[in-house]
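Chain letters run A, B, ... following the sequence lines, proteins first, then strands; residues in each count from 1. Here the structure is a predicted model, which is why all the values come from computation and not from measurement.
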Amino acid sequence: MILGKGHLMASKSSQQMNGSILSSSNDALVYTTMCVVGLPVEVQVKDGSIYAGIFHTACIERDYGVVLKMARMIRRGINTEGLVGEAIIDTLVVLPEDLVQVAAKGVMLPSDGHPGDIFNEDKAAISYVSGTVQPPNFDCEREVKLNSAKLHEDDRRRSTEEALVDGQQKSMIKSEGCVEAGNHNRPPVEKAISNGFKTTSACPPDNSEQTKDKDCGVPCSVEEASSTVNMDDERQVVQYGLQEEQNASTNHQRQSEETLVREVQCSVSPNMVQMVRSVTTMDIGAFDPHVKPGSVKTEKVPCEVPLADGCSGPSSLRIEKVEQLRNAMVTPLDVPSSNPSTPSPSSADFPSVSSLSSVPPATDSVISKSAICNQSSKEFKLNPGAKIFSPSSMNLRTSTPTVSNVDQVVDVSTLPIVDAQPGVQFNHPIPHAGLPVKYAPHSNLAAGNGGSYPQNPQHSGAVDQDRMKYYGWRFNI
Amino acid sequence: MEPSTINDDFAVGCVLSIRTTFGEEIQGEEGSKSGPRQNIRLLKANFIKDFTLLGQSEDPLDVKKCVLDINVLRAREEAAIRQAELDAERIGIGVTAEAQSIFDALSKTLPVRWDKTVIVVMNEVRVSSPYLPENVSGGTPAANDRVKKVLELERRRLQVRNLAQ
């Protein structure tokens with residue numbers, strides 16, 4: 001039961017606790033719980049003791065239990081030992097059967113008057129991830145729900161019980177005992193939050209009952225603009241996404257992000273830019289210590305999506321979105337190109353993309369990518385003058401040169417397309433200390449730069465040899 | 001009252017006066033300040049002894065208009081934990097309430113910290129139990145005298161306050 005100003009805001013019966021359908025009252029409970037996170041609260045337990053601490057997380061799935069940080073007893077209950085306010089408890093886990101009430105003062109309940117409707121923005125981003133790679137008539141809403149359901153399932157499996165309140169335990173737990181003032185190690189907040197929140201699915205798995213603005217308390221609305229993206233834009237996004245993977249291996253990752261932003265802005269809608277930009281930030285900056293995440297606008301994750309899936313938190317949502325983008329890059333391979341200036345993507349032209357499709361789960365691929373990024377940065381340190389050159393990546397570009405770093409990119413219109421046949425001399429760069437190691441043979445592109453260099457096999461190798469010398473000249477530093 | 005029946009009787013928006021099993025009374029505050037900030041209480045229904053319906057109002061919480069920023073919440077928690085750590089350092093362990101009061105009073109004007117049960121002022125002057133002016137030691141003569149004077153004033157103030165109570 002949630003009381004605010006004496007008003008009953010929401011109530012949750014024991015019957016509903018066992019149900020799988022999330023009621024609007026449960027939404028209110030989840031939302032209120034999220035609003036209380038980080039605030040100083042007072043928790044009363046069944047023996048009458050009252051503890052004051054910082055609200056860290058809660059378990060809402062079956063019953064209601066809370067976790068406090070830096071808690072201390074402010075009122076002793078019946079048959080309770082210990083001095084009031086004597087010791088600081090680093091992490092206090094209050095089990096559901098022990099919890100009586102939680103009181104918080106001055107809780108801000110954001111309404112639509114707040115700037116930046118994070119819920120709707122991020123929901124739109126999710127819809128773009130699924131919508132941009134599908135035909136315009138694709139059911140974006142259904143895709144969002146399916147992905148949410150998948151997220152729920154994955155996070156339930158992954159969730160740990162470190163910060164969760166276990167309803168099956170018998171007694172109240174004081175984890176890690178008391179702590180000396182000013183000397184303690186605080187577990188990662190993100191992990192605790194991501195593992196702590198558990199609730200039933202915010203979006204019921206029964207998609208037939210879902211509408212765009214249904215009254216489930218979860219803004220599952222899907223932006224209609226996502227479905228209006230034409231095929232060219234989708235391909236552009238895919239191409240730029242592939243290009244982004246290449247740039248991820250360079251040391252100028254932030255510049256690449258900005259470049260990608262400019263590129264995307266040339267051809268896609270602003271909303272899509274936000275999604276791609278956000279995913280790019282997650283894809284690179286989140287796992288690369290050299291790149292400061294949020295060089296562009298950072299993505300804000302709504303509380304209801306991670307809560308709905310079993311409390312995985314934003315980290316799993318990020319992984320999900322990265323995977324979405326990868327799937328997006330893989331999916332439209334068969335889409336015919338209507339732009340004659342750019343090569344038609346096909347399975348033959350995207351050997352690296354097919355390898356991309358066989359990439360292990362998103363988490364591993366992102367981690368491997370970060371390893372590549374780290375490796376590239378390390379290599380860059382070894383040879384500061386080295387530049388990463390990817391001739392096959394030129395096929396993805398439009399005729400308009402858009403990348404600002406001229407040293408790294410050659411104008412597509414002036415360059416031929418490299419033959420995909422193995423063993424051709426041009427695959428091996430002109431030996432020079434300045435050439436980057438990442439300039440990998442075409443046949444090994446998947447292992448080199450993360451495998452995303454589409455090629456056009458229509459040009460002869462002899463011509464390409466000369467042109468590769470040209471490449472070498474251009475990149476001979 | 002069974003939880004299932006309790007839930008059937010409650011309706012969102014009701015203004016209630018609730019008595020818990022601990023004897024605590026919770027009721028709405030008429031004339032409470034309006035605005036987005038509210039006092040929230042999450043109460044388990046099985047600890048409600050009885051309640052009284054005072055009136056009916058609109059649901060103050062509209063989940064359709066909910067917006068949340070996880071990053072803000074995390075930052076808020078981080079800041080709160082840091083502040084709590086600083087506050088925890090101010091609390092002496094194994095000291096009397098009077099000693100804590102003296103420490104709090106000294107901290108208003110001087111940089112102080114606890115060294116077990118000894119109050120360390122300006123990292124040089126030490127005030128040990130029973131925290132009288134004659135228990136001040138260490139530091140330069142000027143610092144020592146200053147701490148003694150402040151300690152005398154604070155003890156006098158605390159005595160007046162205790163007498164007033």
Side-chain angles (χ1 to χ4, degrees), chain A residues 1-11 13-15 24-25 27-28 31-32 34-40 48 54 56 64 69-70 85-88 99-112 114 116-119 181-182 186 189-190 193 217 219 298 300-303 314, chain B residues 3-4 6-8 10-18 20-22 26-30 32 36-45 47-48 54 57-71 73-81 84-86 88-91 93-94 114:
Chain A
M1 180 180 297
I2 305 174
L3 298 174
K5 296 181 183 177
H7 298 169
L8 180 61
M9 298 166 73
S11 62
S13 68
S14 58
Q15 293 174 348
S24 60
S25 61
D27 292 338
Y31 174 71
T32 305
M34 290 294 293
C35 290
V36 179
V37 169
L39 293 178
I54 298 166
H56 178 63
Y64 198 83
K69 290 285 188 181
M70 303 298 291
E86 174 70 11
I88 300 294
L99 179 67
V100 174
Q101 61 176 329
V102 179
K105 292 184 178 180
V107 179
M108 174 75 73
L109 296 176
S111 62
D112 55 353
H114 274 244
D117 191 345
I118 310 303
F119 263 78
R186 192 169 65 247
V189 173
E190 181 176 357
I193 289 179
T298 56
K300 295 180 180 178
V301 179
C303 79
Chain B
S4 58
I6 290 175
N7 184 65
D8 294 336
F10 290 151
V12 176
C14 293
V15 182
L16 302 174
S17 175
I18 296 175
T20 67
T21 55
F22 296 96
I26 305 167
Q27 51 187 322
E29 304 170 9
E30 290 189 1
S32 60
R37 292 194 178 271
Q38 302 182 24
N39 296 333
I40 301 291
R41 187 185 298 263
L42 306 178
L43 175 64
K44 284 204 167 179
F47 289 97
I48 297 176
L54 301 179
S57 176
E58 294 181 357
D59 183 7
L61 180 63
D62 187 4
V63 292
K64 293 181 181 180
K65 299 179 180 179
C66 298
V67 287
L68 280 175
D69 189 346
I70 296 291
N71 294 328
L73 297 179
R74 289 176 180 170
R76 184 171 65 185
E77 184 182 7
E78 292 275 350
I81 290 176
E85 291 173 357
L86 294 175
E89 291 180 359
R90 296 169 48 84
I91 299 176
I93 300 175
W114 281 109

CD1/B:I40 to OG1/A:T32 distance, rounded to the nearest 0.5 angstrom?
5.5 Å
Taking all atoms of both residues into account, what is the closest heavy-atom pair of A:V36 and B:R76, and its distance?
C-NH2, 4.1 Å
To the nearest 0.5 Å, what is the distance between CD (B:E77) and NE2 (A:H56)?
5.0 Å
Please identify each residue that fulfils side-chain contact (heavy atoms from CB on, under 4.5 Å) with B:A80, with sequence neighbours left out.
A:I54
Do A:V107 and B:Q38 make a side-chain contact, defined as non-hydrogen atoms from C-beta onward lying under 4.5 Å apart?
no
Identify the two heavy atoms, one from A:L99 and one from B:F47, that lie closest to each other, and give their separation to 0.1 Å.
O-CE1, 3.3 Å
Side chain to side chain contact (heavy atoms under 4.5 Å, CB included) for B:I70 and A:M34? Distances and angles first, verdict last.
CA-CA 9 Å; B:I70 296 291; A:M34 290 294 293; 3.3 Å; yes
Set out, in order, the CA-CA distance, both residues' side-chain angles and the distance that settles side chain to side chain contact (heavy atoms under 4.5 Å, CB included) for A:V100 and B:K44, then state yes or no.
CA-CA 6 Å; A:V100 174; B:K44 284 204 167 179; 5.8 Å; no
For a quick test of reading the model, state the closest non-hydrogen atom pair linking A:G106 to B:N39 and the distance between them.
N-OD1, 3.1 Å
